[in-house]
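Here is the structure we will look at.
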Amino acid sequence: MPNKAYEILAENLATQGIDVEQVKAVLKQQHIETPSWGYANSGTRFKAFAWPGAATTTQQKLDDAAMVHKMTGIAPTVAVHIPWDRPKDDDYAGMCQYAESHGIRIGAVNPNVFQDDQYRLGSLGNPDSGVQEQALDHLLECCEIMTKVKSDVLSLWFADGTNYAGQDSLRGRKKRFEKALRLVYERLPANSRMLIEYKFFEPAFYSTDIPDWGTAYAWCLKLGPQAQVLVDLGHHAQGVNIEQIVAFLLDEGRLGGFHFNNRKYADDDLMVGSTNPYELFLIYNELVGAAQSDDQMARATAQNVAYMIDQCHNIEGKMIPMIYSVLNCQEAYAEALLVPRNRLTTAQAEGNIMEAHHLLNEAYRTDVRPLLAQVRTEIGVPADPIAVYRASGYEEKIRAERGLSATSGGFQ
Ligand code: RM4
Ligand code: MN
Ligand code: MN
């Protein structure tokens, strides 16, 4: 069926000098990774509400991720959390094959050094050298797992910090981290990367060992080129200009990846772009600007960013918000691709503030939905993924097969 709205939009964009075929080609290459833990039950610190049909096994999580990819066509990988996704008999090759037989691959490996009892005072930053060592061993084990599941990203987040002034030596903790991260860095598989994620508070509230992008960046510089910063959108104070952090890290070659979600919750609970689609657009605008620039470093860095969702939904279900989030990223990316870069550069050079601002906003305000429907049709996925998912019977099927399980993905 010809997409009338698309034809009108394409004509309109062509008169603005935009190469629509090129925009579509770029959109078809987009890749958003979904998290295995986002398909399982999760909760707030007060309550984990069980969701009917939520995944409890890694195979079920992979099934769900495969369904999200089938609906969207741009979510071909899934991040795993170890030990939440540790397979029986440590059969990682089997897990990898299971994913591949369902049309997806394993993406980032996320070690978990925050849930065992010994981590009460932290992991790598723990004052007890025995605990530091256990955490280090787990990280090194994850380097080996990367090879088994064909992953090239080790994604590191630490719950480490202190709750009371004087509880521990701040410099001491810094040194413990630097020493251990160096040992992990040396064991990274060839051609892989270590992404260091920061978070300004929680679960520690007096000090957090990696509180901000500056700390993560400083350590990446010390470690070497295989270490890059991971920007989790939820881990920022409300007023922080995230796109400026993105621009800085792109320019320095140290933006490694994203964890998409929404900072309104200060963590992983809300859909990316749900209350702040403009901000998501501005972030993509920096990425597209870098990818299209002739600055070698920024361009190469932008082309190698790992786009990952880090969301665990508590009250709104699992599959639809995940599909929705992938689509929100697609929409923001499409709008950013419509920014007339040359005209924007000219307006900026002339100090023409209103023209520059207007050009950006016009791209943002373009209704790209017909364009995305066209792209989806051309890659053979539903033009309206949410509607087709609702009608697919998948939700009813998993509810019937899996039922209601009290266990959570790891947040219990
Ligand atoms: C943390 C952080 C990590 C994620 C865990 C589950 O807040 O964002 O990336 O792996 O939650
Ligand atoms: Mn995260
Ligand atoms: Mn988080």
Side-chain angles (χ1 to χ4, degrees), residues 3 5-32 74 231 233 240-253 255 257-258 260 262 272-307 325-376 378:
N3 179 343
Y6 166 69
E7 280 161 20
I8 296 167
L9 176 63
E11 210 180 295
N12 196 352
L13 292 174
T15 57
Q16 291 171 45
I18 292 167
D19 183 345
V20 184
E21 287 306 315
Q22 173 62 18
V23 169
K24 283 195 295 181
V26 175
L27 282 168
K28 289 174 189 173
Q29 297 303 314
Q30 194 180 6
H31 172 173
I32 308 283
I74 57 166
V231 177
L233 302 192
V240 169
N241 184 328
I242 300 179
E243 57 272 22
Q244 187 179 15
I245 298 170
V246 168
F248 187 98
L249 292 172
L250 278 169
D251 201 58
E252 293 295 330
L255 180 72
F258 282 96
F260 286 129
N262 190 320
V272 59
S274 54
T275 51
N276 47 2
Y278 188 54
E279 177 182 58
L280 187 59
F281 159 76
L282 294 174
I283 290 169
Y284 267 105
N285 177 52
E286 291 305 324
L287 290 152
V288 171
Q292 293 181 351
S293 78
D294 12 278
D295 183 312
Q296 282 279 356
M297 168 88 87
R299 198 172 66 221
T301 309
Q303 281 159 357
N304 202 23
V305 166
Y307 294 93
S325 299
V326 173
L327 302 184
N328 282 354
C329 293
Q330 191 180 37
E331 201 166 305
Y333 187 35
E335 290 157 358
L337 287 167
L338 300 185
V339 173
R341 300 276 150 205
N342 293 338
R343 286 166 66 201
L344 180 63
T345 308
T346 307
Q348 289 172 341
E350 288 169 350
N352 193 343
I353 301 171
M354 287 321 298
E355 172 69 359
H357 183 61
H358 177 70
L359 288 172
L360 212 57
N361 284 350
E362 283 298 295
Y364 172 65
R365 291 189 177 125
T366 308
D367 184 356
V368 294
R369 288 173 299 179
L371 170 67
L372 296 178
Q374 180 67 23
V375 167
R376 292 180 196 131
E378 289 182 20

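Computed over heavy atoms, backbone and side chain alike; hydrogens, waters and symmetry mates excluded.
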Are [X] and [Y] close enough that some pair of their side-chain heavy atoms sits under 4.5 Å apart?
| X | Y | answer |
| --- | --- | --- |
| F258 | I283 | yes |
| N241 | L282 | no |
| L287 | L255 | yes |
| C329 | F260 | yes |
| L337 | V26 | yes |

Distance check, rounded to the nearest 0.5 Å: [X] atom [atom1] versus [Y] atom [atom2]?
| X | Y | atom1 | atom2 | answer |
| --- | --- | --- | --- | --- |
| Q22 | L27 | CD | CG | 10.0 Å |
| F281 | E286 | CZ | CD | 10.0 Å |
| R369 | L9 | CZ | CG | 11.5 Å |
| I353 | Q348 | CD1 | CD | 11.0 Å |
| N285 | Y278 | CG | OH | 8.5 Å |
| E252 | M297 | CD | CE | 6.5 Å |

Taking all atoms of both residues into account, what is the closest heavy-atom pair of [X] and [Y], and its distance?
| X | Y | value |
| --- | --- | --- |
| A302 | A291 | CB-N, 3.7 Å |
| V305 | G257 | CG1-CA, 4.0 Å |
| A14 | V20 | N-CG2, 4.4 Å |
| A290 | L250 | CB-CD1, 3.7 Å |
| V375 | K28 | CG1-CG, 3.9 Å |
| H31 | Y307 | O-CB, 3.5 Å |

Between E279 and N276, is any side-chain donor less than 3.5 angstrom from a side-chain acceptor? yes

Verify whether one side chain among N328 and S274 offers a donor that lies under 3.5 Å from an acceptor in the other. no

Main-chain N/O of D251 paired to D295 side chain as donor or acceptor, under 3.5 Å: no

Around atom CD of Q303, are there more than 12 heavy atoms of other residues, nucleotides or ligands at under 6.0 Å? yes

Heavy atoms of other groups near R341 CZ, more than 12 under 6.0 Å: yes

What residue pairs, at least two apart or across chains, pass ring pair (Phe, Tyr, Trp, His ring centres under 6.0 Å) with a residue in residues 326-357? Y284-Y333

side-chain hydrogen bond (donor to acceptor under 3.5 Å, both in side chains), paired with Q330, selected from Q30, R376, E335: R376

Would you sort out whether V231 and L249 count as a side-chain contact (heavy atoms from CB on, under 4.5 Å), showing the intermediate values? CA-CA 10 Å; V231 177; L249 292 172; 4.0 Å; yes

